[in-house]
There are 4 protein chains.
Amino acid sequence: MFAFRLDSRSGVPTYLQLVKQVRRALLVGYLRPGDRLPTVREVAAALVVNPNTVVKAYRDLEHAGLVTARAGQGTFITGTLKPIPPPSYTRLSRSLHTWLRGARNAGLDAEQIGALVAAVIDDSEAEGGAA
Amino acid sequence: MFAFRLDSRSGVPTYLQLVKQVRRALLVGYLRPGDRLPTVREVAAALVVNPNTVVKAYRDLEHAGLVTARAGQGTFITGTLKPIPPPSYTRLSRSLHTWLRGARNAGLDAEQIGALVAAVIDDSEAEGGAA
Amino acid sequence: MFAFRLDSRSGVPTYLQLVKQVRRALLVGYLRPGDRLPTVREVAAALVVNPNTVVKAYRDLEHAGLVTARAGQGTFITGTLKPIPPPSYTRLSRSLHTWLRGARNAGLDAEQIGALVAAVIDDSEAEGGAA
Amino acid sequence: MFAFRLDSRSGVPTYLQLVKQVRRALLVGYLRPGDRLPTVREVAAALVVNPNTVVKAYRDLEHAGLVTARAGQGTFITGTLKPIPPPSYTRLSRSLHTWLRGARNAGLDAEQIGALVAAVIDDSEAEGGAA
DNA sequence: GTGGTCTAGACCACC
DNA sequence: GTGGTCTAGACCACG
């Protein structure tokens, strides 16, 4: 079953964090059409969050055509989002993991790693690297 | 002179984005004690944002002991944040850049790359990878 | 319910007066963890002050780890500040009250009393009286 | 020679702190008509403050009729402010000193003492104690 | 209804 | 000119 996580220090609204995690899972191939999301109540209980907040996230996703709620059955993935091809995913994820290990071996903590990653990505986007 | 950037789609409050960029610059060694940040009015004009929003960010940083505001003179870096050692920075940043190029050559767009990075980092943190 | 007071002639910014009153109430034992502060809107209405000014004060307190804001619920005391032991408080407060009565009986007005108190305290601090 | 002190953490504007100290010294009998205040330059140098700030304070005092600037000679006290009668002053100051010593012996630090004093004075003013 | 963010614009303190 | 405070009022996230 898909599990959500929250980072209360990020400043990102709770409902947006949920939305982003589903989108991310779709992109990465971890969720696929037909999969069932945990119920609003389950998520609310697990994250200690108001059910309305979860409802809002699910409604956002439904609005974007990514999920469909079926009364009495739950919420299901019914859309997709140009997922990363599994072979690329495997390869890139593996090499990124290696890079991460290197960073940790160099003594970097989570905050430093986050700063480095953000700096490099921002950087390369700034110079039109997305081309 | 230090320059800020905004991502309006991220959902992160403007002032927090500014705060994080300064912290990141400190971690990465791009800002150091004694450096002067752009004035409140300059930032507000450059980002087309209300001066109060910038004031809030600078105040947060001052609260954290990272900068000091001097009326009539500007806002200066006066604290530090366990910066990444430059050699590690150079090496890791270079290899991450290479990885990024590989991801782009595999046809991934910015959103897919973001999802992949987030997935890998979250993952490895979840399993106590920080050890 | 905790009540705030303002002294517009003091020259101390409104929001700082609020902050100091909460800190003082903590030191004196009048507020304790779990207590709820009046809502931003209540304070703003009672003091005829802009809500943002109150928000600023509460935010400062939160930053200092003394209170925690819970959206939809209010702002609660969640920290403490080395309170004065109640017995000492009772004894010292009582004798200071007596002193105050003496000063007033001698014909001193509020400004004179303030000057005297400030002079004596400053004085004794200057000579390292805190020892 | 009269000496000024600054408390940068109080939030009270610098120039107001200077004004208040002169008023206090007049009330307490520490300054009397004919006394000469330190020059603007001396104060500015001693407090590491911009001379304009001192000028503003002196102008405020002149405006209030308490001092007079004489070109080339300095600034002199030329007004008064219902001073505390010296006998009362001596007696009250002495007993307050005793109280202070008691508070410190009870282990209270400066912040706690300040809170206690403020609480007691506020309190008694609130109930019309100034009568 | 709670607190949080942002805008617009005035005024003050300090250099 | 700098940063700091305050007001007025809109909109959002959360319960």
Side-chain angles (χ1 to χ4, degrees), chain A residues 6 8 11-19 44 47-57 60, chain B residues 6 8 11-19 36-44 47-62 67-76, chain C residues 6 8 11-19 36-44 47-62 67-76, chain D residues 6 8 11-19 44 47-57 60:
Chain A
L6 282 186
S8 59
V12 181
T14 306
Y15 85 98
L16 253 187
Q17 293 191 41
L18 304 184
V19 168
L47 303 181
V48 192
V49 138
N50 191 293
N52 286 337
T53 303
V54 185
V55 167
K56 181 168 187 182
D60 254 48
Chain B
L6 283 186
S8 57
V12 181
T14 305
Y15 86 97
L16 256 187
Q17 292 190 41
L18 304 183
V19 168
R36 184 173 176 277
L37 292 179
T39 69
V40 169
R41 289 159 171 87
E42 282 167 358
V43 177
L47 302 182
V48 194
V49 136
N50 190 286
N52 282 340
T53 302
V54 184
V55 165
K56 193 174 190 177
Y58 279 17
R59 193 181 164 82
D60 247 51
L61 289 165
E62 188 161 20
V67 312
T68 302
R70 297 188 202 131
Q73 299 183 55
T75 302
F76 298 82
Chain C
L6 283 185
S8 58
V12 181
T14 306
Y15 86 98
L16 255 188
Q17 292 190 41
L18 304 184
V19 168
R36 184 174 177 274
L37 292 179
T39 69
V40 168
R41 289 158 169 88
E42 281 167 359
V43 176
L47 302 182
V48 193
V49 135
N50 190 287
N52 282 338
T53 303
V54 184
V55 165
K56 193 175 191 178
Y58 279 18
R59 193 181 164 84
D60 247 52
L61 289 165
E62 189 160 18
V67 311
T68 302
R70 297 189 202 131
Q73 300 184 53
T75 302
F76 298 82
Chain D
L6 282 185
S8 59
V12 182
T14 306
Y15 86 98
L16 251 189
Q17 292 191 42
L18 305 184
V19 168
L47 303 182
V48 194
V49 138
N50 192 292
N52 287 336
T53 303
V54 185
V55 167
K56 180 166 189 183
D60 253 47

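Chain letters run A, B, ... following the sequence lines, proteins first, then strands; residues in each count from 1.
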Q) Listed by chain and number, what are the side-chain contact (heavy atoms from CB on, under 4.5 Å) partners of C:R36, not counting sequence neighbours? A)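 C:M1, C:T39, C:F76.
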
Q.
According to side-chain contact (heavy atoms from CB on, under 4.5 Å), who are the partners of B:V49, at least two apart in sequence or on a separate chain?
A.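 side-chain contact (heavy atoms from CB on, under 4.5 Å) list for B:V49, sorted by chain: B:L6, B:T14, B:L47, B:T53, B:V54.
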
Q. Hey, where does DNA chain E pair up into stems, meaning at least three consecutive Watson-Crick or G-U pairs with distances under 3.5 Å?
A.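 Expected stems, ordered by start: E:1-14 with F:1-14.
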
Atom of [X], atom of [Y] and distance for their closest heavy-atom approach:
X	Y	answer
C:E62	C:T68	OE2-CA, 4.0 Å
D:V12	D:Q17	O-NE2, 2.9 Å
A:G11	B:P13	O-CD, 3.3 Å
A:V19	A:A57	CG2-O, 3.7 Å
B:N50	B:N52	OD1-N, 2.8 Å

To the nearest angstrom, how far is [X] atom [atom1] from [N] atom [atom2]?
X	N	atom1	atom2	result
C:L47	F:dT5	CG	P	18 Å
B:D60	F:dG3	CG	P	16 Å
B:L6	E:dT5	CG	P	15 Å

Q) Can you name the side chain to side chain donor-acceptor pair (under 3.5 Å) partners of D:Y15, sequence neighbours left out? A)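 For D:Y15, no residue satisfies side chain to side chain donor-acceptor pair (under 3.5 Å) once neighbours in sequence are set aside.
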
Q | Summary of protein contacts for nucleotides 10-15 of chain F, nucleotide by nucleotide, where a base hit scores B, a sugar-phosphate-only hit scores S (4.0 Å, heavy atoms) | A | ---SSB

Q. Contact class for D:Q17 vs. all strands (heavy atom < 4.0 Å): base, sugar-phosphate, or nothing?
A.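 Here D:Q17 touches no strand at all.
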
Q: Answer with base, sugar-phosphate or nothing: what part of the nucleic acid does C:E42 contact at a heavy-atom distance below 4.0 Å?
A: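 Touches nothing.
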
Q.
Tell me whether the side-chain N/O atoms of C:R59 come closer than 4.0 Å to OP1 or OP2 in E:dT5.
A.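 For C:R59, the contact criterion (side-chain N or O under 4.0 Å from OP1 or OP2 of E:dT5) is met.
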
